[in-house]
Peer 1: 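Here you go, one structure.
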Amino acid sequence: MRIATYNVNGVNGRLPVLLRWLKEAAPDIACLQELKAPQEKFPEGPIRDLGYDVIWHGQKSWNGVAILSRVGNIHQTRRGLPGDPDDSHSRYIEAAVNGILIGCLYLPNGNPRPGPKFDYKLRWFDRLIDHAAELVASRQPVVLAGDFNVMPTELDVYKPERWLDDALFAPEARAAYATLLEQGWTDALRSRHPGEKIYTFWDYFRNAFGRNAGLRIDHLLVSPSLRKRLIDAQVDVEVRGWEKSSDHAPVWIELS
DNA sequence: ATGGCCGCTGGAAGCGGA
């Protein structure tokens, strides 16, 4: 079973690219982030036409997350992270699909740092850590997939010294990610490619993709109960080179 | 050091992104 995550950066503007990728890569389950569309403007029809069941949590202009499945119906278990009833951002949706719990997340960017946006990022991260601990304790098979907006190590940045003060590479953000992994999660892409420069994002500036000046910020974490089933993890790098591409590439794992 | 490029909103130019 193949499970993918893809920050589409605008689900309607990206629809031709998204549909092409779904047809060619045919992931069994796909998590999408940055829909940038209100709930009623999600392109449900074209996605269902490709054979996917789908749930989503939209928001006008920003954020927004969705889960797609072509291997059985999606049973939503959560909309939004627990821990802050005043958080109005659409950044987390969770569902049981084909015997696996899927958490699809879009962690706050957090720039500029320091500042209120960075504070929000760290608070959101703390809430994710608390919720993830409960998921591990439940012993269910779980995949946490999405745009974490964190490069976990220096290996995950094309030029680490340039990013030290950035919210995506800040010590606090990396420490939070490390705390998450210490619960027992496996960073699927890194575990399959130790020591390898492997990126999931290239910005639109300065020919970043052509220079491979990238970041690894889209992650799939598998729970301890799923670790033995992880047989592959890859980035669909070529999708980033398509016309009208997102600045992120899709990432996927294969479970036996 | 800066700004470069995008998508969205609203119907111009500003915001947020990373």
Side-chain angles (χ1 to χ4, degrees), chain A residues 5-21 31-43 46 56-66 87-92 104-125 146-174 176-177 189 197-219 235 237 239-251:
Chain A
T5 181
Y6 186 19
N7 180 323
V8 293
N9 189 8
V11 72
N12 286 304
R14 201 70 57 212
L15 194 58
V17 168
L18 172 62
L19 296 178
R20 178 182 170 190
W21 170 69
C31 297
L32 307 182
Q33 302 86 32
E34 274 210 85
L35 306 178
K36 291 186 170 181
Q39 188 70 12
E40 65 275 13
K41 290 196 177 166
F42 183 85
W56 66 97
H57 193 191
Q59 181 180 333
K60 186 180 173 184
S61 302
W62 318 120
N63 310 316
V65 284
D87 186 359
S88 60
H89 293 199
S90 297
R91 295 184 177 274
Y92 188 80
C104 171
L105 66 101
Y106 176 47
L107 211 137
N109 175 307
N111 278 309
R113 166 183 177 269
K117 290 187 177 180
F118 189 64
D119 296 340
Y120 173 62
K121 178 179 195 160
L122 295 183
R123 284 201 311 276
W124 207 94
F125 226 140
D147 178 357
F148 286 68
N149 267 318
V150 178
M151 296 86 91
T153 72
E154 295 196 345
L155 191 56
D156 303 311
V157 202
Y158 67 98
K159 196 171 276 194
E161 64 275 17
R162 287 274 177 91
W163 288 83
L164 286 171
D165 293 328
D166 191 278
L168 278 70
F169 198 53
E172 302 94 323
R174 280 186 276 166
Y177 189 84
L189 194 61
K197 277 190 185 178
I198 184 162
Y199 303 135
T200 68
F201 168 93
W202 300 259
D203 77 28
Y204 289 122
F205 312 145
R206 300 180 231 106
N207 188 32
F209 184 58
R211 296 185 296 119
N212 197 28
L215 310 173
R216 190 175 75 94
I217 55 177
D218 301 275
H219 308 302
V235 182
V237 176
V239 176
R240 179 61 181 83
W242 291 356
E243 198 74 24
K244 295 279 288 177
S245 158
S246 168
D247 38 8
H248 297 250
V251 189

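To find a chain, count down the sequence lines: A is the first, B the second, and so on, and within it residues start at 1. As the structure is a computational prediction, the values presented were derived from the model and not from experiment.
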Peer 1: Under 4.0 angstrom, heavy atoms only, what part of the nucleic acid is D218(A) near: base, sugar-phosphate, or nothing?
Peer 2: nothing
Peer 1: If you measure from the P atom in dT2(B) to the same atom in dA13(B), how many Å do you get, rounded?
Peer 2: 25 Å
Peer 1: Any side-chain N or O of Y106(A) less than 4.0 Å from the OP1 or OP2 oxygen of dA18(B)?
Peer 2: yes
Peer 1: Which of residues 56-66 of chain A sit near DNA chain B, with a heavy atom under 4.0 Å from it?
Peer 2: K60(A), S61(A), W62(A)
Peer 1: Respond yes when some side-chain nitrogen or oxygen of H248(A) is under 4.0 Å from OP1 or OP2 of dA18(B), and no when none is.
Peer 2: yes
Peer 1: May I ask you to say what K121(A) touches in the nucleic acid, namely base, sugar-phosphate or nothing, with a heavy-atom cut-off under 4.0 Å?
Peer 2: nothing
Peer 1: On a whole-Å scale, what distance lies between the C1' atoms belonging to dA12(B) and dA1(B)?
Peer 2: 29 Å
Peer 1: Quantified in whole Å, what is the P atom distance between nucleotide dG10(B) and nucleotide dC6(B)?
Peer 2: 23 Å
Peer 1: Under the side chain to side chain donor-acceptor pair (under 3.5 Å) rule, collect the residues that match up with S61(A), sequence neighbours excluded.
Peer 2: none
Peer 1: For R113(A), give me all partners under side chain to side chain donor-acceptor pair (under 3.5 Å), at least two apart in sequence or on another chain.
Peer 2: E172(A)
Peer 1: So, is N109(A) close to the dA18(B) phosphate, meaning a side-chain N or O under 4.0 Å from OP1 or OP2?
Peer 2: yes
Peer 1: Which protein N or O atoms sit under 3.5 Å from an N or O of nucleotides 11-13 of chain B?
Peer 2:
none

Peer 1: Determine the contact category for N9(A): base if any of its heavy atoms lies under 4.0 Å from a base atom, sugar-phosphate if only primed atoms, P, OP1 or OP2 are that close, otherwise nothing.
Peer 2: sugar-phosphate
Peer 1: Only counting residues at least two apart or in another chain, list the ones meeting side chain to side chain contact (heavy atoms under 4.5 Å, CB included) with K197(A).
Peer 2: L155(A), Y199(A)
Peer 1: To the nearest Å, how far apart are L164(A) CG and dA1(B) P?
Peer 2: 13 Å
Peer 1: Taking 4.0 Å as the cut-off, does a side-chain nitrogen or oxygen of N207(A) come that near to OP1 or OP2 on dC5(B)?
Peer 2: no
Peer 1: Classify the side chain of N149(A) versus the base of dA18(B) as yes if they form a donor-acceptor pair under 3.5 Å and no if they do not.
Peer 2: no
Peer 1: Taking the six-membered ring of F201(A) as reference, does the NZ or CZ atom of R216(A) fall below 6.0 Å from its centre and within a 45° cone about the axis?
Peer 2: no
Peer 1: Report which part of the nucleic acid F209(A) touches: base, sugar-phosphate, or nothing (heavy-atom distance under 4.0 Å, all strands).
Peer 2: nothing
Peer 1: Have a look at F209(A) and tell me which of W202(A), Y158(A), Y204(A) forms a ring pair (Phe, Tyr, Trp, His ring centres under 6.0 Å) with it.
Peer 2: W202(A)
Peer 1: Quick one: list whatever passes ring-ring contact (aromatic ring centres under 6.0 Å, His included) with Y177(A), sequence neighbours left out.
Peer 2: F148(A), H219(A)
Peer 1: What contact category does K41(A) fall into here, base, sugar-phosphate, or nothing, at under 4.0 angstrom with non-hydrogen atoms?
Peer 2: nothing
